[in-house]
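In this text the structure is predicted, and so the values were computed from the model without any measurement.
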Amino acid sequence: MDTSHSLLDRLSTCNSAQDWNAFESIYRPFIRERLLRSNIPTNDADDICQETLTQIFKAISGFQHNGREGAFRNWLKKIVRQKIWQHINKASRNGSSGQFGILYDDQAVDQSFEDQWEREHDQHVVEKLLQLVKKEFTETSWKSFRRMVIEGEEPAQIAMSLSVSVNAVLISKSRIMKRLREYGKGLVEQF
């Protein structure tokens, strides 16, 4: 896997199957959950999720990150919202809108989608990036990183319990953080 460019950069330039699979493993569950929370029935949510990912696949080469925080997150949110609205409008035309008309006429529900998206996007993506990056490091390096960064343990304590040097703990943290930053650049802003 190319470590010199972020996943987003690689998707917009070469769009390899490996990179697309990584992207999909990050975003499919997140998009599907947003659809379900928008009261889209499960069967429809699966279809809409696939349509959304297909649209992203086709459009990603044209995405230009403008350098502003959350640019990709907002671009993606617009696509998902558009797919939700298309589904609601189609259901409404077919006379099967049921609860949708009531729910989406209410601005509070629309704002709820916005708030949930903003609050949960980065957390979800970071968790998925951690899963992807974990495969690239030894178990000891990963344990060092996790205990120091996520659990807040002191490096000396970690080193002693894992029978490694404090320097090894610090190097593990540095290498994994560097990889997370490279891989997640543009997807999340908190690195």
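- Both cation-pi conditions hold for R34 and F30: the charged atom is under 6.0 angstrom from the six-membered ring centre and inside a 45 degree cone around its axis.
- Residues K83 and H87 form no side-chain contact, since every pair of their non-hydrogen atoms from C-beta on lies 4.5 Å or further apart.
- Within the 3.5 Å criterion, the main-chain N or O of I40 finds no donor-acceptor partner in the side chain of D44.
- Between R37 and E120 the shortest side-chain heavy-atom distance falls below 4.5 Å.
- Closest approach of S38 to I84, counting heavy atoms only: OG-CD1, 3.6 Å.
- The CD atom of E151 sits 11.0 Å away from the NZ atom of K143 when rounded to the nearest 0.5 Å.
- In this structure, CG on L76 lies 8.5 Å from OG1 on T52, to the nearest 0.5 angstrom.
- Within the 4.5 Å cutoff, the side chain of V80 has heavy atoms near those of the W117 side chain.
- Using modelled atom types and a 3.5 Å distance limit, the side chains of Q86 and E51 yield no donor-acceptor pair.
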Side chain to side chain donor-acceptor pair (under 3.5 Å) evaluation trace for S144 with S141 | CA-CA 5 Å; S144 295; S141 291; over 6 Å; no
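- L53 is connected to W75 through a chain of hydrophobic side-chain contacts under 4.5 Å among Ile, Leu, Val, Met, Phe, Trp and Tyr, so both are in one cluster.
- Remark: E154 CD is loosely packed, at most 12 non-hydrogen atoms of other residues, nucleotides or ligands lying under 6.0 Å away.
- L132 and S25 make their closest contact through CD2-OG, 4.0 Å (heavy atoms, listed as atom of the first residue, atom of the second, distance).
- Taking every heavy atom of both residues into account, L36 and A45 meet most closely at CD2-CB, 3.7 Å.
- Linking Ile, Leu, Val, Met, Phe, Trp and Tyr whenever their side-chain heavy atoms come within less than 4.5 Å leaves V169 and I150 in two separate clusters.
- Summarising the geometry of L170 relative to P155, their closest heavy-atom pair is CD2-CG, 3.9 Å, with the distance given to 0.1 Å.
- Nearest heavy atoms, L129 versus Y183: CD2-CD2, 3.2 Å.
- Counting heavy atoms from C-beta outward, Q82 and Q55 have side chains that approach closer than 4.5 Å.
- When the side chains of ILVMFWY residues are joined at heavy-atom separations under 4.5 Å, either directly or via intervening members, V164 and W142 end up in two distinct hydrophobic clusters.
- In the hydrophobic clustering of ILVMFWY residues, with side-chain heavy atoms under 4.5 Å counting as a link, F57 and L11 come out together.
- Proximity of L8 to F63: side-chain heavy atoms (C-beta onward) are separated by under 4.5 Å at one or more points.
- Using a 4.0 Å cut-off between a side-chain N of Lys or Arg and a carboxylate O of Asp or Glu, K128 and E24 do not qualify as a salt bridge.
- Atom CD1 of I60 sits about 6.5 Å away from atom CH2 of W20, to the nearest 0.5 Å.
- For F72 and H121, the gap between ring centers reaches or exceeds 6.0 Å.
- Atoms CG and CG, on L187 and L7 in that order, are 5.5 Å from each other to the nearest 0.5 Å.
- Side-chain contact between E182 and S6 is absent, with no heavy atoms from C-beta onward closer than 4.5 Å.
- By the 6.0 Å contact criterion, NZ on K134 is open, its count of non-hydrogen atoms from other residues, nucleotides or ligands being 12 or less.
- In the hydrophobic clustering of this structure, M177 groups with F137; members are Ile, Leu, Val, Met, Phe, Trp, Tyr whose side-chain heavy atoms approach within less than 4.5 Å, directly or through other members.
- Surrounding CZ of R28 are more than 12 heavy atoms belonging to other residues, nucleotides or ligands, all under 6.0 Å away.
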Step by step, would you call Q157 with R147 a side chain to side chain donor-acceptor pair (under 3.5 Å)?
-> CA-CA 10 Å; Q157 183 181 0; R147 289 173 63 182; over 6 Å; no
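- The distance from the CD atom of E127 to the NE2 atom of H124 is 8.0 Å, given to the nearest 0.5 Å.
- One finds the CD1 atom of I176 at 12.0 Å from the CD1 atom of I171 (value rounded to the nearest 0.5 Å).
- Contact between T140 and L162 at its shortest, heavy atoms only, is O-CD1, 4.0 Å.
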